[in-house]
Amino acid sequence: MIELPGSAQSSTADLRIKVIGLGGAGNHLLNRLQRDGVPATDLVVLDTDSQMFDSSEAALKVLLGTGVAQGLGTGGDPELGYRAAEESAEEIRASIDGADLLFVCMGLGGGTGSGAAALVAAYGQEQEALVIVFATMPFSFEGERRRALAEETLATLESYADLVICFENDKMASTVSAGTELREAFAMADLILSQAMRSITALMRRRGLIHAGFAQVAAALRAQNARALFGLGEADGTHRALTALERALQSPLMDRGRLLSDVHNVLIHVAAGRNLTLDEVQLFMTEFNRHIGERTRILFSAAIDPLLGERLSIVIVSALGEPIPVEVAVPRRVPAHLEIKKAEPIAPPVVVEAYSPLVTAPLTGLNVRNVSRTAEESDDIHPPQRLPEPAQVQFEPATRGRFEKSEPTIVDGQDLDVPTFLRRNAKAGQGR
Amino acid sequence: MASEDIVVGLEIGTSKICAVVGETRRDGSVKILGVGQSPSRGVRKGEIVDFETAGKCVREALADAEEKSDVMIRSVLLAVTGSHIGSLNNRGSVDIPEDREEICEEDFEEVQAAAREVSIPPANQFVHSVLQHYYVDGQDGVLNPIGMMGRKLEADFHIIHGVGTRIKNSIRCVKELDINVEAVVFAPLAAAQVMLDLNQKNLGALVIDMGGGTSGYIVYIDGAVKYSRCLAVGGDHITNDISLGLRIPMARAERLKIEEGSVLLGQSRPGDRVVLKDETGFSGRELDREMLNTIIHCRVREIFELLKRDFEKGNILHFLGSGLLLTGGCSLIKGIDQLAEEVFGMPVHLSHSHTVGGITSPFENPQFSTAIGLVKYAQAMQGEKPRGWFSRFSRKLRIFG
């Protein structure tokens with residue numbers, strides 16, 4: 001463990017974050033991020049296909065390889081993607097200049113993403129940025145060859161990036177029911193990626209009473225041949241702690257939390273308004289402990305965020321796989337002001353089995369304040385800027401009579417257990 | 001009379017549990033030997049919420065049926081329902097291997113497996129895959145492809161699926177009584193077997209089964225199941241609405257619904273009152289009849305409107321030559337056929353079990369159509385597979401647990 005001076009920790013909130021969307025998949029995710037809102041983050045899209053820029057909402061767009069690809073894309077050829085990135089090295093360097101933390105988002109198995117990602121990551125490292133790659137595995141229907149290429153790219157990327165987090169498209173779309181439009185299935189994947197990225201930036205950026213920074217996230221996600229787990233849940237009301245935990249665990253990828261029993265490290269983060277009580281924390285941690293194995297190390301982190309109001313939010317991040325022995329205590333290219341608590345060997349690729357608890361509200365802004373047990377002073381809190389609360393479908397407590405305790409029947413946002421005449425405000429003799 | 005000709009249909013409903021013992025005959029008719037029932041407790045919206053209590057009620061109903069029919073019940077067909085049941089249509093397709101041209105049984109198995117390769121929620125299991133139509137080399141209208149020449153066999157299936165654990169709960173409830181569950185059947189599908197004959201299925205028909213906890217429907221078009229769904233709103237909701245709206249106890253509201261309730265508005269004179277006699281724990285009341293009817297009307301109309309929305313999308317209503325058939329306990333509410341006609345704009349029949357013989361007269365009651373339908377369904381399963389109308393059903397029924 002390397003403890004940096006306190007001054008280093010206080011500056012994490014000023015992290016300059018850049019998110020690079022590479023290729024088509026990266027572009028889609030960036031659009032999603034733009035819509036969901038990631039405060040104080042620069043979004044950059046890099047692509048070889050100039051047509052993609054029309055649909056891009058990113059602030060900065062860089063066309064790669066005008067010579068080799070002529071703005072027409074790579075046609076799925078990673079070799080071409082690589083040469084395009086090489087050709088546009090200067091533009092790429094300029095676009096990522098000054099970033100402390102660089103997220104590279106890309107879809108594996110294609111041309112631009114697979115070809116250029118390693119180079120972009122390498123340029124990021126040159127500039128002493130911490131590089132985290134968010135990659136998506138192609139759908140299985142895209143064929144074996146594409147998957148093989150994706151695996152290969154993934155293996156290469158691990159030596160260039162500080163952390164590679166890989167999401168299975170198949171898994172992300174597994175909650176989508178039959179008859180869903182393809183566009184929606186992809187949107188689902190983007191939504192999950194967006195949630196995961198926002199959760200993780202929140203972890204990186206926020207300071208709290210106890211800080212869980214990159215070291216903790218990486219520790220939770222680091223494992224060999226890993227399949228990482230990600231869950232997010234929010235709730236309010238009397239049983240909010242357990243409900244939020246339930247929602248976070250609801251990931252079918254965690255098999256309703258069952259997969260957690262085999263992980264070695266798990267990061268659980270809780271954030272709530274002022275009234276987060278010790279009881280609540282004990283309550284859900286007791287419950288959470290039932291889901292994990294005896295030897296699992298819990299990286300607990302809690303936060304108080306007045307802007308959450310009455311709500312309580314729980315994020316679970318972990319990885320399923322063989323643990324990597326921490327061999328070297330040499331931090332790699334870490335920006336001086338980045339808080340580092342732990343030696344950072346190169347993180348291997350991590351396949352995140354993400355899950356989006358669609359029923360819960362989207363991650364509200366980035367203000368999940370992280371507190372880890374290591375350090376901190378409470379006067380250090382200054383509430384960071386916060387996005388407006390997302391619209392949440394709220395069912396007013398209404399008269400449900402004997403159905404009070406049964407599973408509600410909700411159609412089009414109407415609770416059908418509440419008498420129709422009450423909902424329609426009918427008077428005697430009026431049918432509608 | 002061989003013992004395998006005795007079939008027991010069991011429905012664990014929200015308001016009552018009903019076991020029908022029937023004898024299936026070779027000529028395609030069904031004779032009801034006895035019906036056992038017991039008021040249901042521990043069931044909400046078609047699903048078991050109190051395992052032990054529901055188990056006791058099931059035992060009572062089965063004992064009652066055994067006594068009345070003088071048959072020892074060893075296995076049953078179980079009706080399932082609940083909001084978790086979903087459905088979709090999917091086409092399976094197989095290429096016939098080069099070395100043979102004839103389509104044989106195994107191709108049928110394969111085409112069915114292919115149709116099931118569809119994404120349903122991970123927690124769900126298949127309940128039925130009901131065959132709709134065959135296509136051989138793209139040509140439709142093939143009734144029985146086995147033995148035909150062709151390069152490619154395709155088949156449309158209507159797939160009904162539900163949450164595995166919830167279905168297993170119902171099965172376990174019966175198995176704890178040492179009674180085997182032969183198959184589970186989606187309740188409206190069973191009810192439709194007893195209400196529709198082949199002709200009506202070919203003409204196209206909509207069957208709405210409004211029970212205590214759920215309202216489900218099945219649409220037959222061209223002799224095949226085209227759509228099905230279950231909405232977790234039923235007669236219990238009407239009772240609950242009355243209880244909340246008029247501030248009377250649930251049990252009293254239930255009786256009021258049955259004895260006095262109607263869905264028709266403007267039929268009573270202004271100031272018409274319903275008198276509730278006082279009884280233990282309840283001092284008598286006088287209620288405005290129009291208010292009572294309004295409460296029932298609002299709920300029933302809403303259920304119909306919610307169901308109707310499904311049909312409007314595909315313009316299905318034009319294909320229903322046999323019209324709408326209403327069954328289930330709720331179809332006993334006065335005037336419900338008129339309201340259904342108004343909402344759906346098609347002829348409505350309050351259909352009771354008419355395709356069975358035996359001691360049916362006391363049971364000509366829409367409350368029993370699902371349980372009797374199970375017996376009819378079993379008969380169809382027993383029938384020769386490639387012929388008869390049952391060829392439309394998958395021969396392999398998923399048996400859970």
Side-chain angles (χ1 to χ4, degrees), chain A residues 139-141 168-182 184-185 188 250-259 353 355 358-359 398-432, chain B residues 43-45 47 49 82-84 86-90 118-124 159 161 166 213-215 231-234 236-245 250 253 263-268 270 288-303 305-306 309 339 342:
Chain A
F139 283 101
S140 48
F141 63 72
E168 289 271 11
N169 266 346
D170 281 340
K171 295 283 165 56
M172 285 193 284
S174 69
T175 48
V176 175
S177 56
T180 311
E181 281 182 48
L182 189 60
E184 270 178 63
M188 172 81 78
Q250 219 144 38
S251 161
L253 313 151
M254 287 196 213
D255 206 8
R256 293 186 63 80
R258 266 172 245 151
L259 286 183
E353 292 189 339
Y355 169 65
L358 282 185
V359 278
T399 338
R400 304 176 68 222
R402 77 180 308 191
F403 301 109
E404 206 58 74
K405 290 196 175 63
S406 61
E407 181 190 44
T409 304
I410 289 157
V411 174
D412 295 341
Q414 283 201 54
D415 186 344
L416 295 186
D417 292 336
V418 176
T420 320
F421 71 91
L422 282 180
R423 274 180 282 127
R424 299 189 176 185
N425 206 7
K427 303 278 184 303
Q430 289 179 338
R432 296 159 196 256
Chain B
V43 181
R44 284 271 180 285
K45 298 182 180 179
E47 294 176 63
V49 291
S83 56
H84 61 95
S87 69
L88 53 103
N89 293 318
N90 196 37
V118 61
S119 71
I120 59 171
N124 284 27
I159 291 168
H161 57 87
R166 296 194 185 185
T214 58
S215 302
L231 184 70
V233 183
D236 248 16
H237 284 82
I238 303 176
T239 309
N240 189 46
D241 290 0
I242 297 172
S243 164
L244 290 171
M250 280 297 281
V263 293
L264 300 177
L265 300 178
Q267 300 277 312
S268 54
D288 183 23
R289 184 181 292 275
E290 198 63 17
M291 190 64 216
L292 169 67
N293 291 352
T294 304
I295 291 172
I296 301 174
H297 177 97
C298 285
R299 175 62 78 177
V300 176
R301 176 182 280 273
E302 182 184 57
I303 296 174
E305 282 172 351
L306 283 171
R309 280 206 315 226
L339 179 60
E342 185 194 325

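Throughout, a chain's letter reflects where its sequence line sits, starting with A, and its residues are numbered from 1.
- The greatest number of non-hydrogen atom pairs below 4.5 Å with chain A, out of B:Leu306, B:Ile295, B:Asn293, B:Leu339, is found for B:Ile295.
- Only the side chain of B:Arg44 comes within contact range of chain A, with at least one heavy atom under 4.5 Å from a heavy atom of that chain.
- B:Ser243 does not touch chain A: none of its heavy atoms, backbone or side chain, sits under 4.5 Å away.
- Contact record, B:Gly245 with A:Phe421: CA-CZ, 3.3 Å, taken as the closest heavy-atom pair.
- Heavy atoms closer than 4.5 Å to chain A are found nowhere in B:Ile242, neither backbone nor side chain.
- In this structure B:Asn124 satisfies the side-chain contact (heavy atoms from CB on, under 4.5 Å) test together with B:Ile120, B:Pro121, B:His161, B:Val163, sequence neighbours excluded.
- Evaluation of the side-chain contact (heavy atoms from CB on, under 4.5 Å) rule for A:Thr409 yields A:Leu416, A:Asp417, B:Lys45, B:Ala232, B:Val233 as partners, not counting sequence neighbours.
- Looking only at side-chain heavy atoms (C-beta outward), B:Asp241 and B:Ile296 stay at 4.5 Å or farther from each other.
- Of all heavy-atom pairs spanning B:Arg299 and B:Ile238, the tightest one is CG-CG1, 3.7 Å.
- Only the side chain of B:Leu231 has a heavy atom closer than 4.5 Å to any heavy atom of chain A.
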